Amino acid sequence: MDSDYGIVRELSDLQMLRSLYQPELPPCLQGTAVRVEFGDATTAADPCDDHTISRAFPHTYGQRLAHFLRATAKVPDAQIITEHPAIRVGVVFCGRQSPGGHNVIWGLHDALKVHNKNSALLGFLGGSEGLFARKTLEITNDVLATYKNQGGYDMLGRTKDQIRTTEQVKAAMAACTTLKLDGLVIVGGVTSNTDAAQLAETFAVEKCPTKVVGVPVTLNGDLKNQFVETNVGFDTICKVNSQLISNVCTDALSAEKYYYFIRLMGRKHSHVALECTLQSHPNMVILGEEVAASKLTLFDLTKKICDAVQARAEQDKFHGVILLPEGLIESIPEVYALLKEIHSLLKQGVSVDNISVQLSPWASALFNFLPLFIRKQLLLQPESDDSAQLSQIETEKLLAHLVETEINKRSKEGTYTGKKFNAICHFFGYQARGSLPSKFDCDYAYVLGHICYHVLAAGLNGYMATVTNLKNPVNKWRCGASPISAMMTVHRYGHGAGAVSIGKPAVHPATVDLKSKAYDLLCQNSRKFLMDDVYRNPGPLQFDGAGADSKAVTLCVEDQDYMGRIKKLQEHLDKVRTIVKPGCSQDVLKVALTAMASVTDILGVMSTPGANTQFQE
């Protein structure tokens with residue numbers, strides 16, 4: 001019920017202590033003046049997508065980067081905003097709950113009140129459905145008191161969230177107009193921020209004065225690109241899961257007779273599984289991206305796990321822990337194709353009871369090969385993005401069943417002579433996503449909330465609040481805003497005989513980069529993890545003392561300060577302009593021309609349209 005939103009929570013002693021923690025602000029967000037430097041106009045990562053995105057977003061594509069500056073920064077052309085009229089801002093939770101979401105609202109509220117105490121923040125109750133119905137709660141210090149640094153989305157709630165259809169967009173615009181909102185902040189992941197970009201474009205076309213700002217909040221960790229290093233909630237999810245995994249590892253090592261198959265929430269891609277592996281050191285992880293890249297079948301995966309079990313048995317080790325990402329099932333080629341057939345039949349109105357007889361011969365054979373419980377789960381209605389209901393498909397039980405069958409077969413053949421194989425299965429997801437947020441997520445979310453106000457004060461529409469240089473202390477974080485349309489890509493789908501169809505521009509979820517330093521670190525240690533039981537327990541979340549300031553391994557091993565590098569490049573170009581100008585020597589001019597010609601030739605090749613085109617089957 002709406003009356004349950006924003007009520008005073010009953011807090012434990014720890015929750016009360018956490019509610020008193022005040023996140024730190026970077027210097028660029030301190031004070032009452034907003035200092036913004038605008039960079040160059042943005043473009044798509046793949047030049048081949050430029051035309052498609054610019055046609056879909058003519059009013060919000062190609063906007064400039066925004067960098068927020070500290071008071072001591074000496075930037076001659078920076079815009080300094082000192083007048084802050086009272087404004088009205090709405091905020092809505094979209095997508096699945098993620099630890100730290102409440103701190104985005106807290107940071108936004110504090111920024112609004114610091115700059116003008118008469119500004120108002122309205123929270124939409126029940127996610128996008130509340131936005132359409134104009135159900136609001138005014139956010140005050142009293143409302144926030146028991147939600148600061150707390151998990152969940154229960155202050156405002158959420159529903160099945162999307163703002164996509166013409167009717168939904170019109171309802172959102174009508175709500176913003178009726179409530180006289182100067183800004184609308186959308187908190188969510190890739191789908192929600194794609195919707196935010198479309199909403200911003202529509203508002204610009206219809207001359208609606210409300211500015212739309214997106215915030216990268218998703219436990220999946222898949223809203224990653226050149227502007228976004230990580231997402232609010234990912235740090236917490238991985239730390240909580242890693243402790244649970246490590247506890248299981250210790251149990252396995254103590255009992256020495258169980259293999260634990262653990263599936264981790266995280267949707268299609270394997271970011272959570274990779275990070276948890278680097279934190280807790282289980283014996284094996286199977287990443288969906290590896291499976292897709294190598295086109296590994298169910299048989300291949302079963303053999304890979306069985307070979308590992310057999311190798312460990314030869315060292316008298318009859319236990320182990322195996323991590324699986326939630327989206328693994330869709331990465332297995334034959335299962336993905338089967339799901340496509342099932343979803344197509346469901347769309348045609350074929351009843352669940354009749355689907356098995358209408359499958360193609362090969363799909364029918366695979367379907368009937370699978371255990372009954374998996375068959376039932378594959379028949380579930382797909383999600384709104386046409387993906388399977390991944391949280392409901394027990395891939396861990398399927399692989400445990402197939403491995404047990406194969407190990408028993410090898411035992412009868414005499415090729416496996418170890419102890420009886422015993423599997424225990426777990427799915428970790430719901431246990432972590434309602435957790436108290438980590439110190440990092442508390443700080444990150446609060447800072448992003450403040451940035452949202454800075455974006456609105458600068459009059460920007462269709463931007464996402466961003467922070468880079470996150471692996472360093474808060475006082476070194478770089479705060480800015482990037483056009484959401486610059487984060488978009490266009491997928492191209494092959495249909496045989498050279499035919500290609502082009503999808504709509506969207507902020508697509510990032511896959512685990514198999515060329516990244518984080519993945520390379522996994523590869524370097526995979527053999528040791530498999531055979532040596534080097535289990536590592538990071539322990540429970542720490543809010544003070546040792547471990548409190550630790551950050552995700554996948555964040556720290558990469559060198560990602562994109563916004564900082566963009567500014568550094570601009571400084572170099574400015575220096576060239578200063579040195580090479582009419583009146584400089586012939587030698588200086590010749591060296592500059594030679595160097596610049598070489599650079600532009602290389603960049604021209606790297607930026608050839610289609611060089612990074614993404615094709616999907």
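On a predicted model such as this, the values are computed, not experimentally measured, just so you know.
- No donor-acceptor contact under 3.5 angstrom links the side chains of Gln389 and Gln381, judged on distance only.
- Judged purely by distance below 3.5 Å, without hydrogens or angles, the side chains of Thr297 and Asp300 pair a donor atom with an acceptor atom.
- The 12-atom threshold is exceeded at CD of Glu413, counting heavy atoms of other residues, nucleotides or ligands nearer than 6.0 Å.
- Applying the side chain to side chain contact (heavy atoms under 4.5 Å, CB included) test to Lys257 and every residue at least two apart in sequence or in another chain returns Ala255.
- Note that the CG atom of Leu278 and the CG atom of Leu522 stand 6.0 Å from one another [nearest 0.5 Å].
- Taking the salt bridge (Lys or Arg N to Asp or Glu O under 4.0 Å) definition, one finds that Lys303 meets it with Asp307, sequence neighbours left out.
- A side-chain donor from one of Glu275 and Thr554 sits under 3.5 Å from a side-chain acceptor of the other.
- Comment: Glu383 engages Arg96 in a salt bridge, judged by a side-chain N to carboxylate O separation of less than 4.0 angstrom.
- Within the 4.5 Å cutoff, no side-chain heavy atoms of Leu436 are placed close to those of Pro99.
- The two atoms that bring Ser242 and Pro538 nearest to each other are CB-CG, 3.9 Å, heavy atoms only.
- Under the 3.5 Å distance criterion, the side-chain polar atoms of Trp477 are left unmatched by any main-chain donor or acceptor of Thr468.
- Here the straight-line distance linking atom CG of Leu17 with atom CZ of Phe543 works out to 9.0 Å at 0.5 Å rounding.
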Run the numbers on Met487 and Thr466 for side chain to side chain contact (heavy atoms under 4.5 Å, CB included), then give the verdict.
CA-CA 12 Å; Met487 304 177 190; Thr466 62; 4.2 Å; yes
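- With sequence neighbours excluded, no residue forms a ring pair (Phe, Tyr, Trp, His ring centres under 6.0 Å) with Tyr519.
- At a cut-off of 3.5 Å, with distance as the only test, no side-chain donor of Asn231 or Asn220 sits close to an acceptor on the other residue.
- Applying the ring pair (Phe, Tyr, Trp, His ring centres under 6.0 Å) rule to pairs touching residues 265-316 yields His281-Phe529, sequence neighbours excluded.
- Take His102 and apply the ring pair (Phe, Tyr, Trp, His ring centres under 6.0 Å) test, not counting sequence neighbours, and it matches Phe93, Tyr147.
- Side-chain N/O atoms of Thr302 and Glu406 include no donor and acceptor closer than 3.5 Å.
- Of the N and O atoms on the side chains of Gln310 and Arg410, at least one donor lies less than 3.5 Å from an acceptor on the other residue.
- Among residues two or more places apart in sequence or in another chain, the salt bridge (Lys or Arg N to Asp or Glu O under 4.0 Å) test is passed with Lys551 by none.
- With sequence neighbours excluded, the residues forming a salt bridge (Lys or Arg N to Asp or Glu O under 4.0 Å) with Arg312 are Asp533, listed by chain and number.
- No side-chain donor-acceptor contact under 3.5 Å links Ser294 and Glu290.
- Residue Tyr258 qualifies as open at atom OH: its count of foreign heavy atoms under 6.0 Å is 12 or below.
- Shortest non-hydrogen contact noted between Val321 and Pro282 is O-CB, 3.7 Å.
- Considering every non-hydrogen atom in both Leu555 and Phe440, the closest pair reads CD2-CZ, 4.1 Å.
- In this structure, Ser246 contributes its side chain and Arg536 its backbone to a donor-acceptor pair below 3.5 Å.
- Salt bridge status for Lys439 with Asp549: present, with a side-chain N to carboxylate O gap under 4.0 Å.
- At a threshold of 4.5 Å between non-hydrogen side-chain atoms, the residues Thr250 and Tyr535 do not count as touching.
- Remark: Asn354 CG is packed, more than 12 non-hydrogen atoms of other residues, nucleotides or ligands lying under 6.0 Å away.
- In the model, Arg158 has a side-chain atom that pairs as donor or acceptor with a side-chain atom of Gln97 under 3.5 Å.
- Asp441 and Asn103 share no side-chain donor-acceptor pair at under 3.5 Å.
- Looking at Arg164 and Thr194, their side chains never bring a donor and an acceptor atom within 3.5 Å of each other.
- Nearest approach of Ala293 to Leu514, heavy atoms of both residues: CB-CD1, 3.9 Å.
- The CG atom of Leu301 sits 9.5 Å away from atom CG of Leu398, with the distance rounded to the nearest 0.5 Å.
- Shown here for His319 and Leu253, the closest heavy-atom pair between the two residues is NE2-CD1, 3.7 Å.
- Listed by chain and residue number, Tyr259 satisfy the ring pair (Phe, Tyr, Trp, His ring centres under 6.0 Å) test with Phe421 (two or more places apart in sequence, or in another chain).
- Side-chain contact, Ser438 with Asp235: a donor N or O sits under 3.5 Å from an acceptor N or O.
- Considering only residues two or more places apart in sequence or on other chains, Arg9 meets the salt bridge (Lys or Arg N to Asp or Glu O under 4.0 Å) condition with Asp154.
- Closest approach of Leu380 and His343 over heavy atoms only: O-NE2, 4.4 Å.
- The aromatic rings of Tyr260 and His426 sit parallel, their planes meeting at an angle under 30°, below the 60° perpendicular limit.
- Sorted by first and then second residue, the pairs that involve residues 347-358 and meet salt bridge (Lys or Arg N to Asp or Glu O under 4.0 Å), not counting sequence neighbours, are Lys347-Asp386.
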Show the numbers, then the answer: is there a side chain to side chain donor-acceptor pair (under 3.5 Å) between Arg267 and Ser387?
CA-CA 9 Å; Arg267 300 300 297 157; Ser387 64; 3.0 Å; yes
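- Pairs of residues two or more places apart, or lying in two chains, never qualify as salt bridge (Lys or Arg N to Asp or Glu O under 4.0 Å) while including a residue from residues 324-334.
- Residue pairs that meet the salt bridge (Lys or Arg N to Asp or Glu O under 4.0 Å) test with at least one member in residues 515-529, sequence neighbours left out, do not exist here.
- Taken from OG in Ser270 to CG in Leu328, the straight-line distance is 7.5 Å, to the nearest 0.5 Å.
- A donor atom on one side chain and an acceptor atom on the other are not found under 3.5 Å apart for Gln162 and Thr191.
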